[in-house]
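Heads up, the thing below is written out as structure tokens.
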There are 2 protein chains.
Amino acid sequence: MDSKRYTDISEILTQYLEKKKMRKTEERFMILRCICSFPSHFDISELSQKLEEIKFHVSLATLYNTLDIFEDSHIVVRHQSIQSTLYELKILAETHQHLICTKCGAIRDLKNVSLKQNIENLKIPRFNAEYYALYIYGICSKCKYKLSRKKQI
Amino acid sequence: MDSKRYTDISEILTQYLEKKKMRKTEERFMILRCICSFPSHFDISELSQKLEEIKFHVSLATLYNTLDIFEDSHIVVRHQSIQSTLYELKILAETHQHLICTKCGAIRDLKNVSLKQNIENLKIPRFNAEYYALYIYGICSKCKYKLSRKKQI
DNA sequence: GTCAGTGCAAACTTTTTGCAACTAC
DNA sequence: GTAGTTGCAAAAAGTTTGCACTGAC
């Protein structure tokens, strides 16, 4: 687990909970610690599985509830994918754009710094932008390969 | 209903079905005709409702199946929103730049031509880009106004 | 001690599937 | 005629909710 990252982000959570007069439960911090160990996107079932692995049982209701809190406190961002909802640490999501294959649903990250700056520097009237998500849809190389083989047969 | 638009798009569907050796059923063309009458995004239940209104009953299974075909033939694009899946005619979806208020959930469209061109001209290795969606999250002017009034009280 | 937070299971929503009936070709 | 489509209902998958118990404050 990335303990440096966890230390920084847990401070954000602490301040958020204090500001909202919510309780600092063991579950909330353990879930956050677990999320910090994911290198990229994850869904509820992967998170639940990882928590079971370290013998820390949390109910589904609590996971959903906690991720709503993390989303509201801008610790994670939510991506709606075809199968289920994916989450990602916001600090990771800020550095990239998403490539989504419309055949298999796989998500890849694209890092284009100038595009990132272009979007962040947009002047939008009557709107306070906080963060963004760019999804580029298409066919990944694996599926393209499969499709081209199908045609040959 | 926009019959000019329907005439053009039904031609795309006809060619797609012939190419794939699939049947040109009444349902498929009536669903397309109905979709052409939506000015913007719609979901399955809105589409179903609109079809009932014109006394053309179609089962849910057929609607889902048909929209998969329309997506594959690039007639519609799919947006995963929090509540349910939204669809939109691809020709309407020229601007995929959405502003989403994190307080009230309102969606506004942003038209920034240079950003659009920037994204469309991206060179992405091992990925065939087809279309994109940019979601910028933040606070809309209405909610900002409400928040500022709250603080005064 | 109090009430927000949690666990569990049931409920709910959206989407998919199996199968019989139908129809475009 | 036949195989692709459709309708219907049941099933599956993901998420939310109700309620009793627990523990942070």
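The chains referred to below are lettered A, B, ... by the order of the sequence lines, with proteins before strands, and numbering in each begins at 1. Since this is a predicted model, take the numbers as computed values, not measurements. Computed from heavy atoms alone, side chains included, the values below leave out hydrogens, waters and symmetry copies.
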Where the side chain of [X] is concerned, which of [options] is the nearest nucleotide?
X     : options                : value
A:Y64 : C:dT6, D:dG4, D:dT16   : D:dT16
A:V58 : C:dT15, D:dT6, C:dG7   : C:dG7
A:M22 : C:dG5, D:dG7, C:dC8    : C:dG5
B:K24 : D:dT15, C:dC25, D:dA24 : C:dC25

Phosphate-side-chain proximity, [X] and [N], N/O vs OP1/OP2 below 4.0 Å:
X     : N      : result
A:H57 : C:dT6  : no
A:T85 : D:dT15 : yes
B:R28 : D:dT5  : yes
B:K21 : D:dG4  : no
B:N65 : D:dT6  : yes
A:T25 : D:dA24 : no

- Message: Using a 6.0 Å distance limit plus a 45 degree cone around the ring axis, check whether B:R33 lies over the aromatic ring of B:Y6.
- Response: yes
- Between D:dT16 (P) and A:E71 (CD): distance, integer Å: 11 Å
- Message: In this structure, how many angstroms lie between the P atom of D:dG7 and the CD atom of B:E52, rounded?
- Response: 10 Å
- Message: One thing to verify: whether A:E94 and A:K116 come together as a salt bridge, which I'm taking to mean a side-chain N less than 4.0 angstrom from a carboxylate O.
- Response: no
- What distance separates B:K50 NZ from B:F42 CZ, expressed to the nearest 0.5 Å? 10.0 Å
- What about B:R23: does its side chain form a donor-acceptor pair under 3.5 Å with the base of D:dG4? yes
- Any chance you could lay out the side chain to side chain donor-acceptor pair (under 3.5 Å) test for A:T66 and A:D68, step after step, and finish with the verdict? CA-CA 5 Å; A:T66 304; A:D68 281 350; over 6 Å; no
